[in-house]
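What you are looking at is a predicted structure, and each value in this text was computed from that prediction instead of being measured.
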Amino acid sequence: MLQPTYHDNPRLDALVGGLRDYLSGELAAYEDDLGLAPETPLHRSQLEPVWRRSRELGFYGIHLPEDLGGRALSYTELAALKEEVGASGRVLATSVLGDMGGPLRIGAIFEHATEYQREKYLLPVVRAQRACCFSMTEDDAGSDVRRMRTTATPVPGGYRITGHKVFSTGGTFADFSILVARMAGSEESYSAFLVDLDSPGCRVSPGQVPLSGQNIESDVVLDDCFVPAENLLGEEGQGMRISLGRVTANRLLHCPTALGAARRAIGLAFDFAAGRSVSGGLLLEKQAIQHTLADMATDYYAARSMTYDALALLDAGERPRVESFMCKLFVAERAFAIADRAVQMHGKAGMVRGAPVEVIWRQLRMFRVLTGASEIQRNGIIREMVRAAGGAT
C-alpha cells in the first residue's frame with residue numbers, strides 16, 4: 001500500500017519505477033554531495049543541473065503535449081508522479097517535474113501566449129534554460145485577491161507597474177514573473193503580464209521564511225516598472241481568468257504531493273515502531289500503536305481514493321468543482337493528522353528540528369493554508385451545494 005503499483009498501466013508503471021530510482025539514487029547522491037538539508041539556502045547553480053538532468057530523463061515537463069517535448073500525460077498519470085515526488089523527501093524534488101519555476105508553472109499559459117511570448121519566455125522554460133515564478137499574492141490580498149493594490153497604468157508602448165508581491169515561490173531563482181495587477185482607475189479589471197525580473201524598477205528579494213523552513217519564497221517589488229505592450233498576457237482584463245484558469249485541475253493536482261508526504265510519514269512511523277524497544281517489547285507490539293497505524297493508513301487510503309476518483313472525472317472531460325474543494329479539504333486535514341500522529345509516535349525523536357517526520361509535519365501544516373485554506377474549501381463546497389439546489393448565497 002505504501003508503494004503503489006500501476007500494473008494496469010504499463011507506461012505509468014515504468015515511469016513511476018524510473019522516477020523512484022532517480023529520486024532515491026542519482027538525485028539523493030547529488031544532494032548528499034552538496035550537503036543539502038530541508039532548510040539549506042538554495043542557489044540557482046544547484047537547481048539548474050537538476051532541471052537539465054530531469055529533462056534528459058524525460059521528467060521535466062513530462063505532462064506537456066508531445067509537440068512541446070512532453071508525453072501528454074493524463075491528470076491521473078501526472079498525479080501518480082507528483083505523489084512519488086512528495087514521498088521522496090528530496091530537498092530538490094520540486095525541480096524534477098518542474099513544479100517550482102518550470103513547465104508545471106507555465107503549461108496552462110501556452111493557450112494565452114502570443115508566438116513572441118512562446119519563443120522568448122515559455123519554450124525556454126520547457127527546455128530548462130529559463131525559470132519563472134507566479135506573482136499574485138500580496139500582504140492584504142491572499143484569498144481575497146480583489147484587495148490587490150499592485151497597479152498597471154497604460155502608457156505609450158506598454159504599462160507602468162507599481163506594487164509589492166509576496167510569496168512568489170522561486171522568485172530568487174527566476175528570470176521572469178507571470179504577474180497579475182489591477183488596471184489603473186478600475187475596481188474589477190485585472191491583467192496578467194510577463195515581467196522580466198531584471199527590468200529597471202523591479203527588485204526581487206528573499207521573502208519571509210515559511211513554517212516549512214524552505215528558503216524558496218520571494219518578494220517582487222515594482223516601482224514604476226515599465227513592461228512593454230507585447231508582454232501583456234492575453235487581453236486587458238483577463239488576468240483573473242488566466243491566473244485562476246484550470247483552477248479545479250490545479251487544486252486537485254496539489255493533493256498528490258501531500259499524499260506522498262503523508263505516505264512517507266506512515267512509513268517512517270511504522271519503521272520507528274518496528275525498531276523501538278519499550279517496556280520489554282517492540283513499540284509495534286503495543287495495540288494502541290497498531291491501531292494508530294491502522295487509522296493512519298485508512299486515512300491515507302480514503303484521501304487518496306477520493307483524489308484519484310476526482311482526477312478520473314477530469315480525465316473523462318468532466319469538471320468536478322465540488323469534488324476538487326472536497327479533496328483539497330480532506331487531503332489537507334487528514335494528511336496533517338497522519339503527520340501529527342507520526343510525530344507523536346516518535347516521541348522525543350519526533351520533536352527534533354530537522355528530523356524527517358518533523359519536517360513533514362511542518363510542510364503538511366502549511367498545506368492546510370496554502371493554495372486555499374481549509375475554510376476557503378468549505379466555502380466552495382457549500383456554495384456548490386447551494387447552487388446545485390437552486391438557491392443562492
*Taking atom types as modelled, find out whether Glu333 and Ser374 have a side-chain donor-acceptor pair closer than 3.5 angstrom.*
yes

*Does Lys82 come within less than 4.0 Å of Asp99, counting only side-chain N to carboxylate O?*
yes

*Taking everything shown except Gln129 itself, do over 12 heavy atoms lie less than 6.0 Å from its CD?*
yes

*Glu77 and Asn9 side chains, donor-acceptor separation under 3.5 Å*: yes

*In this structure, are over 12 heavy atoms from other groups packed under 6.0 Å from Arg44 atom CZ?*
yes

_Contacts of Tyr121 that satisfy ring-ring contact (aromatic ring centres under 6.0 Å, His included) - sequence neighbours left out_ = Phe176

*asked:* Check for me, please, whether Leu104 and Leu23 land in the same ILVMFWY cluster - side-chain distances under 4.5 Å, paths through other members count.
replied: yes

*Measure the NE2-CG distance between His63 and Leu253 for me, rounded to the nearest 0.5 Å.*
9.0 Å

*asked:* Tell me whether Glu230 is salt-bridged to Lys120, with the criterion being a basic N under 4.0 Å from an acidic carboxylate O.
replied: no

*Is there a donor-acceptor contact under 3.5 Å from the side chain of Arg182 to the main chain of Thr150?*
no

*Excluding sequence neighbours, so at least two apart, what forms side chain to side chain donor-acceptor pair (under 3.5 Å) with Ser88?*
none

*Rounded to the nearest 0.5 Å, how far does CG of Leu34 lie from NE2 of His43?*
10.0 Å

*Looking at Tyr22, is Arg20 sitting on its ring face, NZ or CZ under 6.0 Å from the six-membered ring centre and within 45 degrees of the normal?*
no

*Would Arg52 and Glu56 pass as an ion pair if we require N to O under 4.0 Å?*
no

In a table with atom names and distances, give each donor-acceptor pair under 3.5 Å that connects a side chain of residues 257-272 to protein atoms at least two apart or in another chain.
residue : atom : partner : partner atom : Å
Arg263  : NE   : Leu2    : O            : 3.0
Arg263  : NH1  : Glu83   : OE2          : 3.1
Arg263  : NH1  : Glu84   : OE2          : 3.1
Arg263  : NH2  : Glu84   : OE1          : 3.0
Arg263  : NH2  : Glu84   : OE2          : 3.2

*Could you tell me whether the side chain of Asp196 and the main chain of Ser199 form a donor-acceptor pair under 3.5 Å?*
no

*Would you call Gln344 and Thr292 a side-chain contact if the rule is heavy atoms closer than 4.5 Å?*
no

*Quick one: does NZ or CZ of Arg118 land under 6.0 Å from the six-membered ring centre of Phe110, within 45 degrees of the ring axis?*
no

*For the pair Gln214 (side chain) and Pro38 (backbone), establish whether a donor and an acceptor sit closer than 3.5 Å, ignoring hydrogens and angles.*
no

*asked:* Determine whether a donor-acceptor pair (N or O, by modelled atom type, separation under 3.5 Å) exists between the side chain of Gln117 and the backbone of Thr114.
replied: yes

_Asn250 vs Thr371 side-chain heavy atoms within contact, under 4.5 Å_ = no

*Go through the structure and list residues passing side chain to side chain donor-acceptor pair (under 3.5 Å) with Asp309, not counting sequence neighbours.*
none

_Rounded distance [0.5 Å steps], NE2 in His112 versus CD1 in Ile178_ = 10.5 Å

*Assess whether side chain to side chain contact (heavy atoms under 4.5 Å, CB included) is satisfied between Arg11 and Arg71, documenting all intermediate values.*
CA-CA 10 Å; Arg11 177 176 83 156; Arg71 297 188 62 177; 3.5 Å; yes

_If we ignore hydrogens and angles and just use 3.5 Å, is the side chain of Tyr30 paired with the main-chain N or O of Gln46 as donor and acceptor?_
yes

*asked:* Are Phe167 and Tyr190 connected into the same hydrophobic cluster when the rule is that any two of I, L, V, M, F, W, Y join if their side-chain heavy atoms are below 4.5 Å apart?
replied: no

_Which residues pass the side-chain contact (heavy atoms from CB on, under 4.5 Å) test with Ala184, not counting sequence neighbours?_
Thr151, Thr153

*What is the distance from atom CD of Glu285 to atom OG of Ser277, rounded to the nearest 0.5 Å?*
8.5 Å

*Is it true that a side-chain atom of Asp299 and a backbone atom of Arg334 form a donor plus acceptor pair closer than 3.5 Å?*
no

*Between Arg90 and Glu31, is there a salt bridge with N-O shorter than 4.0 Å?*
yes

*State whether the side chain of Asn215 and the backbone N or O of Glu39 hold a donor-acceptor pair below 3.5 Å, judged by distance alone.*
yes

_Residues that, via side-chain heavy atoms closer than 4.5 angstrom, fall in one hydrophobic cluster with Leu197_ = Tyr159, Ile161, Leu179, Met183, Phe193, Val195, Val204, Val220, Leu222, Val227, Leu232

*In terms of side-chain geometry, is the basic nitrogen of Asp219 or Arg203 positioned less than 4.0 Å from the acidic oxygen of its partner?*
no

*Output, in order, the C-alpha distance, side-chain angles, deciding distance and verdict of side chain to side chain contact (heavy atoms under 4.5 Å, CB included) for Thr5 and Gln3.*
CA-CA 7 Å; Thr5 57; Gln3 193 90 336; 5.8 Å; no

*asked:* Is there a continuous path of hydrophobic side-chain contacts, each under 4.5 Å between heavy atoms, that joins Leu211 to Val91?
replied: no

*Does the Thr162 side chain pair with the main chain of Asp224, one donor and one acceptor, at a distance under 3.5 Å?*
yes

_Quick one, Ser189 with Glu236, criterion side-chain hydrogen bond (donor to acceptor under 3.5 Å, both in side chains). Give me CA distance, side-chain angles, the key distance, then yes/no._
CA-CA 8 Å; Ser189 180; Glu236 284 189 13; over 6 Å; no

*Salt bridge Glu138-Lys165, side-chain N to carboxylate O under 4.0 Å*: yes

*Phe59 and Leu15: which non-hydrogen atoms are nearest, and at how many Å?*
CE2-O, 3.9 Å

*Can any side-chain N or O of Asp175 pair as donor or acceptor with the backbone N or O of Ala131 at less than 3.5 Å?*
yes

_Treating Lys328 as the side-chain partner and Gln377 as the backbone partner, does any N or O pair qualify as donor plus acceptor under 3.5 Å?_
no

